[in-house]
**Student:** 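Dropping the structure in here first, questions after.
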There are 2 protein chains.
Amino acid sequence: MGIAERKIRQKEEVKSAILETAWQLVKKEGWQQLSIRKIADAIEYSVPVIYDHFENKEAILFEIGKHGFQLLSKKMQQAKDKFTDPAEQLKAMADAYWNFAFKNKEYYQLMFGLGMPCCEIEKNMPEKSYFRNLVMGSIDEIIKKNKVPVTNACLKYHTFWSVIHGLISIKMMRGADTTDDLNKLVLDDAVAGIIKNLER
Amino acid sequence: MGIAERKIRQKEEVKSAILETAWQLVKKEGWQQLSIRKIADAIEYSVPVIYDHFENKEAILFEIGKHGFQLLSKKMQQAKDKFTDPAEQLKAMADAYWNFAFKNKEYYQLMFGLGMPCCEIEKNMPEKSYFRNLVMGSIDEIIKKNKVPVTNACLKYHTFWSVIHGLISIKMMRGADTTDDLNKLVLDDAVAGIIKNLER
DNA sequence: TATATTTGCTAACGGTGTTAGGAAAAAACA
DNA sequence: TGTTTTTTCCTAACACCGTTAGCAAATATA
């Protein structure tokens, strides 16, 4: 009896069509222009069908946000794997994070609520701890190498992340009032500062 | 002929009633719940009257955002004035910025587009350069004291701001999953790191 | 074939920002 | 003072939005 399976498969196809269409629309017109009706139009179903697959609009955003966190984690992992020296790893991960943010502006905006109605995406997102562990691993390693390993790794992780996120969100919000070059310099400078402050 | 003056005065009163009411509503219910109709209701005028004073909703938000930037500038100025040592000034300004953000959460969200439909507030906001100058003044002083004053002040300013903004926006977005104590520690740690990196 | 179930639609509800057009009040002019 | 012009301000609508009730058609089950 493959009928049930086909039905499940078809249902799954509609569900991923919703997600894919929503994502295409967002890339074309931005988050503020995304509406349930536009998605329904694009997948050639009526509006209530959307609600057979998602409880509400926020559930769609959450699912897309999850993809974002998974993609970010993957990029971070790949960056880290290129090096064995933890300081190099941190630099590479900062770069990867930066690149992810600007190559996937819409993902980043959704994931961290930049310029869009907040949807509590980042909370209730288990995937974010994956990337947290990646960074903290390298930080821990550096600290262990120290002669006076008193530094708080958790605190340093927060600093690391805050610098990068702060830089990105400032640049992302006000567009092109500073050059790309300067921003990349600031990133490198800040990351270098943190690492330097870590090794002692 | 004081009639014209009275009219202008009355018109100005309605305008500031709109702003004041909007601000009260936002503090009570948050940005997402603010609507033109609610404002109109509260000031006991009909909806189109709002549009006699503001081109659109965004113009209202912009005006409130301006107040936010002015208040922030004032707080930063006061903090800076308490010290003569530029390093102390930087620390005090970082603290002032931090306190402003959490004592005026709604202002901060609006000013930097956190968790709300973006409204291009920060661009086209001349007031923000005031606070920029305050910070860069202190940074310049520190750099001038150095024996090798090669460091780029503009770059350091961006780093300084990014760290603080990043920390604040991360904390503001995900509420209480880290303690206040830790966050304040991270702030102090990060600012100390920047200053240390500056003095050489 | 008859019944039960799933599927997907139309149409609505209550909300949003925004605006056209007209009534009433105020001011200016005679 | 009476008339005309201007200003003020409201009702009602438009075109959207997220969401859901309720029903018809298609499908699966017996």
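Residue numbers start from 1 in every chain, and the chains themselves are labelled A, B, ... in the order their sequence lines are given, proteins ahead of strands. Everything numeric here is computed off the predicted structure, so don't read it as measured data.
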**Student:** Taking the side chain of A:Pro48 as heavy atoms from C-beta outward, which of C:dT16, C:dG8, D:dT20 is closest to it?
**Tutor:**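 The answer is D:dT20, which lies nearest to the side chain.
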**Student:** Can you confirm whether or not the ring centre of A:Trp98 sits under 6.0 Å from the ring centre of A:Tyr108?
**Tutor:**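 Between A:Trp98 and A:Tyr108, the centre distance exceeds or equals 6.0 Å.
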**Student:** Using a 4.0 Å heavy-atom cut-off across all strands, classify A:Ile60 as base, sugar-phosphate, or nothing.
**Tutor:**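 Since no nucleic acid heavy atom lies under 4.0 Å of A:Ile60, the category is nothing.
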**Student:** If you pin B:Asn56 and A:Val14 to their nearest nucleotides in DNA chain C, which one's is more 5'?
**Tutor:**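 Taking each residue's closest nucleotide, the earlier one in sequence belongs to A:Val14.
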**Student:** Atom NZ of B:Lys11 and atom C1' of D:dC9: how far apart are they, to the nearest Å?
**Tutor:**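 Rounded to whole Å, this separation is 11 Å.
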**Student:** Closest to the B:Val47 side chain: C:dT10, C:dA20, C:dT18?
**Tutor:**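 Output: C:dT18.
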**Student:** Please give, in whole Å, the distance from D:dT19 P to A:His53 NE2?
**Tutor:**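 Taking NE2 of A:His53 and P of D:dT19, I get 16 Å after rounding.
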**Student:** Hey, does the Lys NZ or Arg CZ of B:Lys15 hover above the aromatic six-ring of B:Phe54, less than 6.0 Å from the centre and inside 45° of the axis?
**Tutor:**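 Judged by the rule, B:Lys15 and B:Phe54 form a cation-pi pair.
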**Student:** With DNA chain C as reference, determine whether A:Val49 or B:Ile36 sits nearer its 5' end, using the nearest nucleotide of each.
**Tutor:**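 The residue mapped nearer the 5' terminus is A:Val49.
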**Student:** Between C:dG8, C:dT16, D:dC9, which nucleotide has the shortest distance from any of its atoms to the side chain of B:Ser46?
**Tutor:**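 Of the options given, the side chain of B:Ser46 lies nearest D:dC9.
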**Student:** Nearest whole Å is fine: how far is D:dT8 P from B:Glu12 CD?
**Tutor:**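 Whole-Å distance recorded here is 13 Å.
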**Student:** Check the angle between the aromatic planes of A:Trp23 and A:Trp31 and answer parallel, tilted or perpendicular using the 30° and 60° thresholds.
**Tutor:**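 A:Trp23 vs A:Trp31 ring planes: tilted.
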**Student:** How many Å lie between OH on A:Tyr51 and C1' on C:dA11, as a whole number?
**Tutor:**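 So the OH-C1' distance, A:Tyr51 to C:dA11, works out to 15 Å.
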**Student:** Going by modelled atom types, is there a donor-acceptor pair between the base of C:dG15 and the side chain of B:Arg37 at under 3.5 Å?
**Tutor:**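 For B:Arg37, whose side chain was compared with the base of C:dG15, there is no donor-acceptor pair (under 3.5 Å).
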**Student:** In whole angstrom, give the distance that lies between atom OH of A:Tyr45 and atom P of C:dC9.
**Tutor:**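 Nearest whole value for this atom pair: 7 Å.
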**Student:** With heavy atoms under 4.0 Å as the rule, sort A:Ile50 into base, sugar-phosphate or nothing.
**Tutor:**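 No contact at all - A:Ile50 keeps every heavy atom at 4.0 Å or more from the nucleic acid.
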**Student:** Looking at B:Ser35, does any N or O in its side chain come under 4.0 Å of the phosphate oxygens OP1/OP2 on C:dT16?
**Tutor:**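 Answer yes for this pair, as a side-chain N or O of B:Ser35 is under 4.0 Å from OP1 or OP2.
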**Student:** Under 4.0 Å between a Lys/Arg side-chain N and an Asp/Glu carboxylate O for B:Asp95 and B:Lys91?
**Tutor:**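 Looking at B:Lys91 together with B:Asp95, the answer is no, because their closest N to O distance does not fall below 4.0 Å.
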**Student:** Write down the distance between CZ (B:Phe54) and C1' (D:dC9), rounded to a whole number of angstrom.
**Tutor:**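 To the nearest whole Å, that distance equals 17 Å.
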**Student:** Is it true that atom NZ of A:Lys74 has more than 12 heavy atoms of other residues, nucleotides or ligands lying nearer than 6.0 Å?
**Tutor:**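 No, the 6.0 Å shell around NZ holds no more than 12 heavy atoms from other groups.
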**Student:** Just the rounded figure in Å: distance from P of D:dC9 to CD1 of B:Ile43.
**Tutor:**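 After rounding, the gap between these two atoms is 10 Å.
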**Student:** Starting from P on D:dC16, measure out to CD1 on A:Ile39 and report it in whole angstrom.
**Tutor:**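 Rounding to the nearest Å, CD1 of A:Ile39 and P of D:dC16 are 17 Å apart.
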